[in-house]
Amino acid sequence: MSVVCIEFKPGLEGVPATQSSVSYVDGQKGILEYRGINIEELAKKSSFLEAAYLLIWGNLPTQEELQSFEQEICLNRRIKYRIRDMMKCFPETGHPMDALQTSAAALGLFYSRRALDNPEYIRKAVVRLLANIPTMVAAFELMRKGNDPVKPRDDLGYAANFLYMLNEREPDPLAAKVFDICLTLHAEHTINASTFSAMVTASTLTDPYGVIASAVGTLAGPLHGGANEDVISMLSEIGSVENVKPYLKRCFETKAKIAGFGHRVYKVKDPRAIILQELAVDLFEKFGDDKYYQIALEMEKVVEEKLGHKGIYPNVDFYSGLVYRKLGIPSDLFTPVFAIARVAGWLAHWKEQLAANRIFRPTQIYSGDHNIAYTSLEERALI
């Protein structure tokens with residue numbers, strides 16, 4: 001009788017779960033590519049919707065294809081009034097990620113036909129989700145303050161419209177451009193926790209709205225999308241450049257996790273962090289400095305000196321919060337903003353999963369007992 005040996009790897013670390021052509025990461029060299037195109041090049045030359053089109057459909061769009069895609073999304077930005085009314089009933093103390101997950105799932109109630117073999121159904125689902133998610137995030141932000149949501153403006157681009165819906169003020173062109181780049185940087189990052197969650201859900205052939213709701217729920221955790229909130233809280237707690245070394249000394253001594261540093265894949269500075277730092281500087285030069293930035297610079301310097309040899313460097317979360325703060329985005333919206341961008345990557349993997357679907361069914365290594373005798377209620381009362 002042969003014995004099958006199965007190696008258990010907590011968190012499935014390093015275990016290939018799929019084959020994908022959506023994105024590529026080289027953590028040793030600090031490389032991130034969308035469909036083979038370097039992230040630095042996309043950040044400089046493309047828009048978020050162009051990058052989303054590339055991720056989802058597999059190729060850069062022609063000018064006509066991009067204009068059509070942008071127009072479709074623009075015409076679908078408004079959310080159903082019943083979803084809006086439902087959101088008004090959410091507790092104002094609820095976290096925006098919980099509101100977003102519920103709203104995304106509710107969207108599926110209106111489009112519950114699962115025509116997953118119909119290209120037109122797939123395209124409309126892609127458009128609705130990319131169009132509606134930002135509106136939902138902005139609407140909840142205003143409604144939890146007792147205000148009516150701001151209607152989308154058809155004359156504004158994707159990034160500018162979201163910033164406008166947050167406060168009903170047309171954003172500065174630089175702010176809109178920076179935010180658009182931020183969305184591009186966060187759009188995709190191989191098989192991370194939320195993407196894997198989306199793929200597992202997709203493999204059951206449920207509707208795409210359930211897929212996105214599942215991914216949003218996974219992204220909400222502090223070990224995944226919530227880390228940029230933690231960075232701002234950490235910088236606020238440190239308070240000054242002089243307090244950086246004492247704070248980090250305590251972290252080193254207790255081996256506490258330092259928010260915004262380290263990555264399961266990157267062993268060098270996250271290429272997205274490099275771009276985000278440059279964007280932060282651009283914003284500071286035009287709109288004024290942020291006191292937390294000098295604290296962040298000192299932290300990066302000290303951590304690199306102490307832990308650089310272990311491959312601990314700033315990740316995407318370390319500077320993104322500083323950018324969002326300067327754009328006027330509340331800290332508890334940082335993760336929903338992450339979700340707005342990552343919808344593109346989730347949909348790309350959803351579409352790829354459908355093309356060669358097989359339901360995920362991993363095995364386990366059982367660690368419990370066997371042949372335990374049943375104890376009656378009477379006997380249990382005597383124990």
Legend entry - side chain to side chain donor-acceptor pair (under 3.5 Å) assessment of His224 paired with Thr218: CA-CA 8 Å; His224 192 7; Thr218 308; over 6 Å; no

Legend entry - Side-chain heavy-atom pair Ile31, Pro271 within 4.5 angstrom cut-off: no

Legend entry - Flag if over 12 foreign heavy atoms under 6.0 Å of CD, Glu305: yes

Inset, instruction - For Leu276 and Ile181, run side-chain contact (heavy atoms from CB on, under 4.5 Å): C-alpha distance rounded to whole Å, both residues' side-chain angles, the deciding distance at 0.1 Å, then the answer. - result: CA-CA 9 Å; Leu276 284 164; Ile181 296 172; over 6 Å; no

Inset, instruction - Without swapping roles, check the side chain of Asn132 against the backbone of Asn76 for a donor-acceptor pair under 3.5 Å. - result: yes

Legend entry - NZ/NE/NH1/NH2 to OD/OE distance under 4.0 Å, Glu72 and Arg123: yes

Inset, instruction - Write out all pairs satisfying salt bridge (charged side-chain N to carboxylate O under 4.0 Å, His left out) with one or both partners inside residues 372-383, taking only residues at least two apart or from two chains. - result: none

Inset, instruction - Indicate yes or no: does Arg325 engage Asp290 in a salt bridge with an N to O separation below 4.0 Å. - result: yes

Inset, instruction - Would you indicate whether Lys267, at its atom NZ, is surrounded by more than 12 heavy atoms from other residues, nucleotides or ligands within a distance under 6.0 Å? - result: yes

Inset, instruction - If you link ILVMFWY side chains whenever their heavy atoms are less than 4.5 Å apart, which other residues fall into the same cluster as Val15? By chain and number, please. - result: Leu12, Ile191, Phe196, Met199, Val200, Phe360

Inset, instruction - Would you check if the side chain of Glu352 reaches a backbone N or O of Ser21 as a donor-acceptor pair within less than 3.5 Å? - result: yes

Legend entry - Check: Ser203/Arg358 side-chain N/O donor and acceptor closer than 3.5 Å: no

Legend entry - salt_bridge(Lys286, Asp172) N-O dist < 4.0 Å: yes

Inset, instruction - Look at the side chain of Ser236 and the backbone N and O of Ile232, then say whether any donor-acceptor pair between them is shorter than 3.5 Å. - result: no

Below 3.5 Å, can you tabulate the donor-acceptor pairs from side chains in residues 243-253 to any protein atom, sequence neighbours excluded?
residue: Asn243; atom: ND2; partner: Ile238; partner atom: O; Å: 2.9
residue: Asn243; atom: ND2; partner: Ser240; partner atom: OG; Å: 3.2
residue: Lys249; atom: NZ; partner: Glu253; partner atom: OE2; Å: 2.5

Legend entry - Asp148/Arg84 ion pair, N-O < 4.0 Å: no

Legend entry - Lys269/Glu304 ion pair, N-O < 4.0 Å: no

Inset, instruction - Answer whether the closest heavy-atom distance between the side chains of Tyr266 and Val25 falls below 4.5 Å. - result: yes

Inset, instruction - Tell me whether the centres of the aromatic rings in Phe261 and Tyr313 are closer together than 6.0 Å. - result: no

Inset, instruction - Please check if atom CD in Glu65 has more than 12 non-hydrogen atoms from other residues, nucleotides or ligands closer than 6.0 Å. - result: yes

Legend entry - Donor-acceptor contact present, side-chain Asn192 to main-chain Thr190, <3.5 Å: yes

Inset, instruction - Say whether Gln101 and His95, considering side chains only, have a donor N or O and an acceptor N or O under 3.5 Å apart. - result: no

Inset, instruction - Please find out if less than 6.0 Å separates the ring center of Phe162 from that of Phe179. - result: yes

Legend entry - Expected output: side-chain Asn161 to main-chain Arg153 donor-acceptor under 3.5 Å: yes

Legend entry - Audit row: Leu283, Glu285, side-chain contact (heavy atoms from CB on, under 4.5 Å) steps and yes/no: CA-CA 5 Å; Leu283 290 174; Glu285 287 179 352; over 6 Å; no

Inset, instruction - Under the side-chain contact (heavy atoms from CB on, under 4.5 Å) rule, what do Met86 and Arg82 come out as? Steps first, then yes or no, please. - result: CA-CA 6 Å; Met86 176 190 72; Arg82 289 179 180 174; over 6 Å; no

Inset, instruction - Give a yes or no on whether the backbone of Val22 and the side-chain of Ser20 come within a donor-acceptor separation of less than 3.5 Å. - result: yes

Inset, instruction - Evaluate whether atom OH of Tyr366 has more than 12 neighbouring non-hydrogen atoms of other residues, nucleotides or ligands under 6.0 angstrom away. - result: yes

Inset, instruction - Could you check if a side-chain atom of Asp180 sits within less than 4.5 angstrom of a side-chain atom of Leu49, using non-hydrogen atoms only? - result: no

Inset, instruction - Taking the side chain as every heavy atom from C-beta outward, state whether Leu347 and Ile212 have any atom pair closer than 4.5 Å. - result: yes

Inset, instruction - Taking Glu237 for its side chain and Gly239 for its backbone only, find out whether a donor-acceptor pair lies under 3.5 Å. - result: no

Legend entry - Steps toward side-chain contact (heavy atoms from CB on, under 4.5 Å) verdict (Val323, Ile329): CA-CA 9 Å; Val323 173; Ile329 298 172; over 6 Å; no

Legend entry - Qualifying residue for ring-ring contact (aromatic ring centres under 6.0 Å, His included) with Tyr53, from Phe48, Tyr158, Tyr34, Phe69: Phe69

Inset, instruction - Consider only side-chain N and O atoms of Ser214 and Thr201, and report whether a donor and an acceptor are under 3.5 Å apart. - result: yes

Inset, instruction - Check for a donor-acceptor pair, side chain of Arg114 on one end and backbone N or O of Thr206 on the other, with a separation under 3.5 Å. - result: no

Inset, instruction - Please say which of His189, His349, Glu188 ends up in a side-chain hydrogen bond (donor to acceptor under 3.5 Å, both in side chains) with Ser23. - result: Glu188

Legend entry - Cationic N near anionic O, under 4.0 Å, Lys44 to Glu41: no

Legend entry - Side chain Asn315, main chain Gly262, donor-acceptor under 3.5 Å: yes

